[in-house]
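Single-structure report; data block below.
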Amino acid sequence: VQLQASGGGLVQAGGSLRLSCVASGRIFNINDVGWYRQAPGKERELVAAQTSGGITNYARSVKGRFTISRDNGKNMVFLQMTSLKPEDTAVYYCNAVVTVGDDSALVTDNYWGQGTEVTVSS
């Protein structure tokens, strides 16, 4: 399974970006998904997550500004980011718990995308 993230870029404070992440491979089911970010000199942190049942969880710093969503038919996860702030500058990573295989053999594992860089200028 591969996760490919895209949509990062340079944006002014107050602007918006939409990150996308597409999963490919022998996917049987995508379970929990999430977006994480890592700013220079800081640890990777959870930004937003969504369970397979649709329950969402957001970091306090982004609540009300970011929205996580998914398109199960296309194996895609999105992060809509609005009212961006300079402190949102980071590399953003998508994450997914994916079940691979077929009815004869299923394996569930955790996968990471390669990261997409978001820079918010003041």
Side-chain angles (χ1 to χ4, degrees):
V1 173
Q2 288 189 330
L3 300 183
Q4 182 73 36
S6 61
L10 174 63
V11 64
Q12 288 188 332
S16 300
L17 281 175
R18 188 192 194 209
L19 305 184
S20 300
C21 179
V22 57
S24 60
R26 289 184 61 205
I27 298 169
F28 182 82
N29 188 54
I30 297 179
N31 305 296
D32 298 351
V33 297
W35 288 94
Y36 291 70
R37 67 186 180 188
Q38 187 166 18
K42 295 187 177 181
E43 294 187 353
R44 189 174 297 189
E45 62 174 355
L46 175 68
V47 175
Q50 187 179 65
T51 68
S52 57
I55 297 172
T56 57
N57 180 41
Y58 296 94
R60 184 175 298 180
S61 60
V62 308
K63 195 171 290 186
R65 299 189 296 122
F66 291 10
T67 303
I68 187 171
S69 61
R70 60 200 292 172
D71 184 333
N72 291 326
K74 296 182 179 179
N75 292 333
M76 294 189 73
V77 184
F78 306 98
L79 185 68
Q80 179 68 48
M81 306 186 294
T82 63
S83 302
L84 282 161
K85 304 175 181 180
E87 50 263 44
D88 294 319
T89 294
V91 178
Y92 285 71
Y93 299 89
C94 59
N95 173 267
V97 177
V98 182
T99 301
V100 301
D102 54 35
D103 289 342
S104 63
L106 297 173
V107 177
T108 298
D109 208 342
N110 190 46
Y111 296 88
W112 290 92
Q114 87 288 3
T116 185
E117 189 166 2
V118 173
T119 302
V120 184
S121 62
S122 57

Have Thr99 and Asn31 got a donor and an acceptor in their side chains that come within less than 3.5 Å?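 Side chains of Thr99 and Asn31: pair found under 3.5 Å.
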
Smallest separation among heavy atoms of [X] and [Y], with atom names:
| X | Y | result |
| --- | --- | --- |
| Gly15 | Val11 | CA-CG2, 3.8 Å |
| Ser16 | Gln80 | CB-NE2, 4.1 Å |
| Leu79 | Ala48 | CD1-CB, 4.0 Å |
| Trp35 | Ser20 | CH2-O, 3.6 Å |
| Leu3 | Cys21 | CB-SG, 3.9 Å |
| Ile30 | Arg70 | O-NH2, 2.9 Å |

Applying a strict under-4.5 Å side-chain criterion to I, L, V, M, F, W and Y, I'd like to know whether Val98 and Val107 cluster together.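 Looking at the clustering, Val107 is in the same group as Val98.
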
Taking the side chain as C-beta and beyond, is there a heavy-atom pair between [X] and [Y] under 4.5 Å?
| X | Y | answer |
| --- | --- | --- |
| Val77 | Ser69 | no |
| Val1 | Asp109 | no |
| Asp88 | Met81 | no |

Could you state the interatomic distance from [atom1] ([X]) to [atom2] ([Y]), rounded to the nearest 0.5 Å?
| X | Y | atom1 | atom2 | result |
| --- | --- | --- | --- | --- |
| Phe66 | Leu19 | CZ | CG | 8.0 Å |
| Gln2 | Ile27 | CD | CD1 | 10.0 Å |
| Asn75 | Gln4 | CG | CD | 14.0 Å |
| Gln12 | Ser122 | CD | OG | 9.5 Å |
| Thr108 | Asn29 | OG1 | CG | 8.0 Å |
| Leu10 | Ser121 | CG | OG | 5.0 Å |

Using links of under 4.5 Å between side-chain heavy atoms of ILVMFWY residues, direct or through other members, which residues join Trp112 in one cluster?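 Taking Ile, Leu, Val, Met, Phe, Trp and Tyr as members, Trp112 shares its hydrophobic cluster with Tyr36, Leu46, Val91, Tyr93.
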
Output the rest of the hydrophobic cluster of Phe78: all Ile, Leu, Val, Met, Phe, Trp and Tyr residues reachable through side-chain heavy-atom contacts under 4.5 Å, sorted by chain and number.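 Val22, Met76, listed by chain and number.
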
Check against side-chain contact (heavy atoms from CB on, under 4.5 Å), Tyr92 and Leu17: CA-CA 12 Å; Tyr92 285 71; Leu17 281 175; over 6 Å; no

Show your reasoning for whether side-chain contact (heavy atoms from CB on, under 4.5 Å) applies to Val33 and Tyr111. CA-CA 10 Å; Val33 297; Tyr111 296 88; over 6 Å; no

Using distance only, find each side-chain donor-acceptor pair of residues 57-64 under 3.5 Å and give its atom names and separation, not counting sequence neighbours.
residue, atom, partner, partner atom, Å
Tyr58, OH, Ile68, N, 3.0
Ser61, OG, Arg37, NH2, 3.3

Given 3.5 Å as the limit, does a donor-acceptor pair link the side chain of Gln114 with the main chain of Ala5, or not?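 Yes: the side chain of Gln114 pairs with the backbone of Ala5.
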
Got a donor-acceptor contact below 3.5 angstrom from the Thr82 side chain to the Arg65 backbone?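 Pair found, side chain donor or acceptor close to backbone of Arg65.
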
Near Glu87 CD, under 6.0 Å, is it more than 12 heavy atoms from other residues, nucleotides or ligands?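 More than 12 heavy atoms, drawn from other residues, nucleotides or ligands, come within 6.0 Å of this atom.
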
